[in-house]
Number of protein chains: 2
Amino acid sequence: MNDTENILETLRQRQFRITPQREMIIDALLSGEHHLSAEDVYAQVQTRTSAVNIATIYRTLDMLVEQGIASRTDLGGQVIYAPVGHGPHIHLVCRHCSFVIDADATVLAALDEQLQRDYGFAADLGHISLFGVCTGCKE
Amino acid sequence: MNDTENILETLRQRQFRITPQREMIIDALLSGEHHLSAEDVYAQVQTRTSAVNIATIYRTLDMLVEQGIASRTDLGGQVIYAPVGHGPHIHLVCRHCSFVIDADATVLAALDEQLQRDYGFAADLGHISLFGVCTGCKE
DNA sequence: ATTTTTGCAAAACCTTTGCATCCCA
DNA sequence: TGGGATGCAAAGGTTTTGCAAAAAT
């Protein structure tokens, strides 16, 4: 599931109605930039038409997350959305420049096991965020 | 640095003024419960006196974080504060019951190394949050 | 006496909600 | 046509801010 048509078809099958707004919001989500806040999606959709309301953005993004089509990550105050098609990864958020590096999630496999064993905790490591300082910002 | 007097002394040395409000806020932070939202701190301080404003709570907590005395963690929407004296640990937040398990941070040592090596990223692993499902909630 | 800190209230911020209208199926 | 989706505006919750008064040094 990775391009707009596929997602729309999935939604159709699940009895959701396909509206121009939803198409544009999904397009925005899939548009390369994959760390989009609701506000970012709103801005991107507005370049195509001003006839979309911010409430619709929020409602649609929520729906997409509920349907397992998008993920929702809290970057310490800012909430970002991404298509799950990207697969699991870690957001490395730089405290200085706010740049977000996507790290491969395989680095978490060992941690996952350990948390299961020691705490019986099934961590959702699909889209987590870690804060720190990136190479460029280590003054 | 772990009890109220030590922290107050530190603040005094750094030219901060010691007010009853600050004493009570620090007391609250150190009071066993170590996952306190600003609202929690406010509630706890109010059991002692009603003469403290919520704005003061926010301002003082911010100051304590800036001074490296408290940590600030975003639990997906809710922000919690803790004294750094607790040492680094992971917050395992259950998606179902919202219970927070404190996990030992040593499980992150390997991850830390890997992020340094592969991404040049110096992760701040002092107080991170992971979401998932705890033992009790695995229906 | 000076400067920080506080309280108060208002504002800012992001997100949600109620309801009438619209429009997809 | 019927019910879900939208737009609008208002409300919601949390956090921040401006300013005068109060308190700490």
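This structure is a prediction, so every number in the text was calculated from the model and none was measured. Residue numbers begin at 1 in each chain, while the letters A, B, ... track the order of the sequences.
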Original post:
For B/Leu11 and C/dT4, what is the distance between atoms CG and P respectively, to the nearest whole Å?
Top reply: 15 Å

Subject >> Separation of C/dC14 P from A/Ile80 CD1 (nearest whole Å) >> reply: 16 Å

**OP:** Taking B/Arg22 for its side chain and B/Arg17 for its backbone only, find out whether a donor-acceptor pair lies under 3.5 Å.
**Re:** yes

Original post:
Judged by modelled atom types alone, do B/Asp40 and B/Ser37 share a side-chain donor-acceptor pair under 3.5 Å?
Top reply: yes

Subject >> Pair listing, salt bridge (charged side-chain N to carboxylate O under 4.0 Å, His left out) test, anchored in residues 49-63 of chain B, at least two apart >> reply: B/Asp62-B/Arg72

**OP:** Answer yes if the side chains of A/Gln21 and A/Thr60 hold a donor-acceptor pair under 3.5 Å, and no otherwise.
**Re:** no

**OP:** Starting at atom CG of A/Asn53, determine the distance to atom C1' of D/dA5, rounded to an integer number of angstrom.
**Re:** 12 Å

**OP:** Indicate whether the side chain of B/Thr4 and that of B/Glu23 have a donor and an acceptor atom separated by less than 3.5 Å.
**Re:** no

Original post:
Nearest heavy-atom pair of B/Ile54 and B/Ala38: which atoms, and what distance?
Top reply: CD1-O, 4.4 Å

**OP:** Note the angle between the end axes of the helix from C/dA1-D/dT25 to C/dA25-D/dT1, five pairs defining each, rounded to 10 degrees.
**Re:** 30°

Original post:
From D/dT6, C/dT6, D/dT17, pick the nucleotide closest to the side chain of A/Gln21?
Top reply: D/dT6

Original post:
Atom CD of A/Gln46 to atom P of D/dT6: distance rounded to whole Å?
Top reply: 15 Å

Subject >> Results of side-chain hydrogen bond (donor to acceptor under 3.5 Å, both in side chains) for B/Gln46 - residues two or more places apart only >> reply: B/Tyr42

**OP:** Quickly work out the B/Ile25 CD1 to C/dT6 C1' distance and round it to whole Å.
**Re:** 10 Å

Give every donor-acceptor pair under 3.5 Å between a side-chain atom in residues 106-113 of chain B and any protein atom, sequence neighbours left out.
from     : atom 1 : to       : atom 2 : distance (Å)
B/Thr106 : OG1    : B/Asp104 : OD1    : 2.6

Subject >> Under 4.0 angstrom between B/Gln15 side-chain N/O and C/dT3 OP1 or OP2 >> reply: no

**OP:** Please check the phosphate of D/dG4 (OP1 and OP2 only) for any side-chain N or O of A/Arg59 closer than 4.0 Å.
**Re:** no

**OP:** Report the distance from atom CG of A/Leu64 to atom CD of A/Glu66, rounding to the nearest 0.5 Å.
**Re:** 9.5 Å

Anything under 3.5 Å between a protein N or O and an N or O of nucleotides 22-25 of chain D, put it in a table, one pair a line.
from   : atom 1 : to      : atom 2 : distance (Å)
D/dA24 : N3     : B/Arg17 : NH1    : 2.7
D/dT25 : OP1    : B/Ile18 : N      : 3.0

Original post:
Rounded to the nearest Å, what distance is computed from the OH atom of residue A/Tyr42 to the C1' atom of nucleotide D/dT6?
Top reply: 13 Å

**OP:** Quick one: closest heavy-atom pair of B/Leu29 and B/Ala70, and the distance?
**Re:** CD1-CB, 3.8 Å

**OP:** Calculate, to the nearest 0.5 Å, the distance between atoms CZ and OG1 belonging to B/Phe121 and A/Thr135 respectively.
**Re:** 9.0 Å

Subject >> Between C1' of D/dT17 and CD1 of B/Ile57, the distance in whole Å >> reply: 17 Å

Hey, what are the protein-to-nucleotides 13-15 of chain D N/O distances that come in under 3.5 Å?
from   : atom 1 : to      : atom 2 : distance (Å)
D/dT15 : OP2    : B/Tyr58 : OH     : 2.1
D/dT15 : O5'    : B/Tyr58 : OH     : 3.1

**OP:** Please report, rounded to the nearest Å, how far the C1' atom of D/dT17 is from the CE atom of B/Met63.
**Re:** 18 Å

